[in-house]
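Read through the structure below, which is laid out as structure tokens, and then see the notes.
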Amino acid sequence: MSKAAARVPPAGDSRSEGEDDQALIESAVAVNSAPELDEALRLLALTARDLLEADLVTLVVWDEDLRRGVVRAGAGDGASLVGEEVPGSSTPYLAATTGEPVVERSSKTEGVSWAIAKAVRRLATRVTVPLHVEGVPVLTFQAAWRTRRAEATVDRSVRALRTLGALTGVAYRAEEERRRARDRARLETVLESVGDGFWLITGDSVVVNTAARRLLALPDGVAPDFDAFNLRTLDGQPLDIGLVTDVVRSTRLAQHFLVRATRLDGVERIFEGTTSPIVAGGGDLTGTVSVFRDVTERHERELLTERFLERLFDAMPTGVSVLHPTTRKMLTSNRAFSKLVGYERAEMEGIEPPFPWWTSTPDEFDDDEWAPPDGTRRVEALFRRKDGELLPVEILRFWIRDLDGTPLAAVGLITDLSERRRFEQQLLVSGKLATIGELAAGVAHEINNPLFAILGLVEFLLKETEPGTKTHHRLELVQETGLEIKAIVRALLDFARERSDEQAVVSLREVLAQTVELLRRTSAAKQVEIVERYCAEETLVHASASQLKQVLVNLVANAQQAMPGGGTVEIELARDGNWVQASVRDNGPGIPEDFLPRIFEPFFTTKRSVGGTGLGLPVSLGIAQMHGGELLARSTPGEGATFVLRLPAYREAVK
């Protein structure tokens with residue numbers, strides 16, 4: 001028997017109310033000291049049995065809808081009923097639903113379980129008292145005696161059971177407090193055992209763990225306050241964490257955050273975390289919890305990697321375009337690609353095919369046409385720059401895919417082929433020129449042999465004829481013509497002797513003079529006059545004399561073709577600071593305005609009917625650029641055309 005029950009005076013109706021009160025007080029002390037709820041309820045049942053001198057005591061706990069009750073504690077004959085269900089047709093159910101005590105003086109047992117019926121069938125008097133208290137399940141105390149009890153005794157029993165019911169409510173509340181204390185202790189243990197910071201807000205209460213205080217440099221005893229940490233976005237904009245909390249409360253969904261914060265020691269750090277709602281069992285929102293960690297070092301590493309990749313992407317000498325995997329919308333491109341096509345990146349971002357640099361719409365919208373599923377595809381195309389210049393390119397196309405193999409982007413690596421094409425054309429032309437040079441040398445030697453004989457015979461004949469006679473005059477004309485042929489042969493030999501791939505310090509004046517000497521003899525028959533103007537300054541350049549002659553021959557040949565009825569070609573040599581420039585000017589009809597931007601395009605020609613290939617000017621431009629110079633063209637329709645070859649002056653000459 002419990003201590004509370006042992007102090008109850010002996011059975012009898014003569015016990016005073018003071019003695020009852022003392023027993024109730026001692027019972028309350030025992031309940032409060034009980035370590036668990038079941039132990040407290042057992043003590044209350046024993047106290048009720050001893051206090052009321054009852055043969056049976058039960059304590060029934062009902063569920064929320066009062067459809068089912070279970071005997072939670074019992075004493076006397078009721079001890080064997082613990083765990084039994086109490087149906088809705090029973091007396092305890094009646095008391096629970098009405099909230100009023102029920103007194104029975106009968107042995108009827110309808111509506112109760114077999115076990116309960118067996119226990120109460122010989123009990124003449126039964127008293128059932130309900131308890132309805134907020135925060136506590138509905139309870140019913142029942143006491144029963146084998147003999148009939150007096151009205152006064154029954155009334156006193158009802159009062160005692162009500163008091164014991166109140167103590168039962170106290171026991172429930174005490175158990176709830178103990179449960180909360182245990183939960184809080186477990187929570188605090190968990191919070192203190194992890195390295196992440198926890199920030200809990202429940203009502204007006206704010207709880208932070210040791211990790212949070214360490215991460216935020218928040219001393220013990222200092223109340224936590226979000227506003228004290230100057231929260232900002234990564235780009236420095238002020239951040240109201242209350243708005244995040246409001247979103248969590250309204251949506252009841254967790255919200256991720258990445259913020260800059262100034263700790264209380266003045267150190268700025270970056271924190272990443274999640275704010276989540278705390279929802280009670282009934283669905284009520286009771287607060288929020290934020291879990292966060294310091295990601296400053298990780299963010300700095302990621303930022304460094306991102307910036308490194310961005311700089312690498314932008315510094316690549318190969319053009320790169322990144323397109324959307326389905327729409328082919330331009331997502332981004334690097335500086336080399338922008339320079340390649342002549343468009344600013346801001347102009348290209350977001351545009352969709354057909355792109356303005358395409359000369360035709362390629363059939364590459366299907367995935368398989370872009371690149372094989374697990375490989376690359378290399379194609380050649382012709383781009384048109386923003387300034388109208390045509391540019392041969394090679395495109396290496398491939399996909400960027402996620403871990404599941406789904407395309408994330410279509411990537412093209414674009415290489416400018418113009419230098420390669422110019423080099424190939426130059427090799428072709430150089431090969432032809434070498435062949436022509438060899439042929440010219442052979443022809444020259446073959447001509448020289450009979451020419452020497454002719455000139456020798458003419459010289460003997462001139463000695464045998466009388467000066468002033470017709471015969472002598474005609475022989476002089478033959479001699480003069482032979483000497484001209486000899487000069488032409490000598491020029492051809494000079495042209496053939498120089499290798500086109502050898503560069504040296506040469507005088508551009510001498511190169512011009514030699515070339516003009518050769519051209520003048522072939523241009524006279526075409527009624528084209530060549531006029532030369534050379535500056536007095538030194539005109540040394542580091543170049544291949546043969547290739548420079550090739551450029552000048554091309555320019556003069558173009559001028560001659562522009563003046564089929566004859567005209568004048570002016571060749572002028574001048575110094576312009578650290579540059580040496582040779583100008584070739586004709587007085588022909590000029591170049592049409594629409595054609596001028598395209599004259600340096602490979603294979604572009606308006607003279608295809610007379611054998612033009614469209615390679616002369618592109619090759620000449622390539623030679624000029626290979627020597628570090630440039631070839632410029634100016635023309636006004638009806639006023640002729642001017643081509644200017646600009647080459648850097650030899651450094652020693654500059655000094």
Side-chain angles (χ1 to χ4, degrees), residues 5 24 27 31 37-149 151 153-173 175:
L24 290 171
S27 179
V31 167
L37 177 61
D38 285 337
E39 176 64 15
L41 298 182
R42 188 183 71 82
L43 291 176
L44 286 170
L46 291 173
T47 300
R49 184 200 64 182
D50 295 343
L51 183 64
L52 304 179
E53 301 172 348
D55 297 303
L56 176 145
V57 172
T58 60
L59 193 157
V60 178
V61 180
W62 295 88
D63 58 18
E64 291 185 3
D65 55 6
L66 300 180
R67 292 182 178 180
R68 178 178 176 272
V70 177
V71 179
R72 184 72 177 269
D77 294 343
S80 62
L81 302 178
V82 176
E84 289 287 338
E85 289 193 13
V86 180
S89 58
S90 62
T91 300
Y93 172 76
L94 179 63
T97 55
T98 62
E100 297 295 332
V102 177
V103 178
E104 297 176 284
R105 298 179 184 276
S106 169
S107 59
K108 293 181 180 180
T109 57
E110 294 84 355
V112 298
S113 68
W114 179 86
I116 296 175
K118 183 178 179 181
V120 302
R121 70 174 54 174
R122 295 180 180 179
L123 301 179
T125 305
R126 297 190 294 275
V127 176
T128 304
V129 177
L131 175 68
H132 289 258
V133 178
E134 184 178 357
V136 176
V138 176
L139 309 172
T140 53
F141 255 113
Q142 187 175 45
W145 297 265
R146 293 189 181 90
T147 60
R148 296 180 65 84
R149 310 294 284 180
E151 290 292 335
T153 302
V154 171
D155 291 341
R156 190 172 68 177
S157 298
V158 170
R159 290 195 298 273
L161 289 176
R162 281 181 168 169
T163 302
L164 290 172
L167 292 178
T168 304
V170 171
Y172 264 94
R173 289 192 176 91
E175 176 66 17

Measure the [atom1]-[atom2] distance between [X] and [Y] for me, rounded to the nearest 0.5 Å.
X: T125; Y: D55; atom1: OG1; atom2: CG; result: 10.0 Å
X: L44; Y: L139; atom1: CG; atom2: CG; result: 10.0 Å
X: R146; Y: D77; atom1: CZ; atom2: CG; result: 4.5 Å
X: R156; Y: L52; atom1: CZ; atom2: CG; result: 8.0 Å
X: R42; Y: T47; atom1: CZ; atom2: OG1; result: 9.5 Å
X: L46; Y: L51; atom1: CG; atom2: CG; result: 12.0 Å

Selection residues 62-104 - residue pairs positive for ring-ring contact (aromatic ring centres under 6.0 Å, His included), sequence neighbours left out: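 Qualifying pairs: W62-Y93.
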Please report the closest heavy-atom contact between [X] and [Y], naming both atoms and the distance.
X: V158; Y: P101; value: CG1-CG, 4.0 Å
X: R49; Y: G76; value: CD-N, 3.7 Å
X: A45; Y: G74; value: CB-C, 3.8 Å
X: T97; Y: L94; value: OG1-O, 3.1 Å
X: A48; Y: V57; value: CB-CG1, 3.9 Å

Listed partners of T128 passing side chain to side chain donor-acceptor pair (under 3.5 Å), at least two apart: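 Side chain to side chain donor-acceptor pair (under 3.5 Å) list for T128, sorted by chain: Q142.
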A96 backbone acceptor or donor facing H132 side chain under 3.5 Å: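 Such a contact is found between H132 side chain and A96 backbone.
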Heavy-atom check, side chain of L81 versus side chain of L56, under 4.5 Å: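 Of all side-chain heavy-atom pairs linking L56 with L81, at least one is under 4.5 Å.
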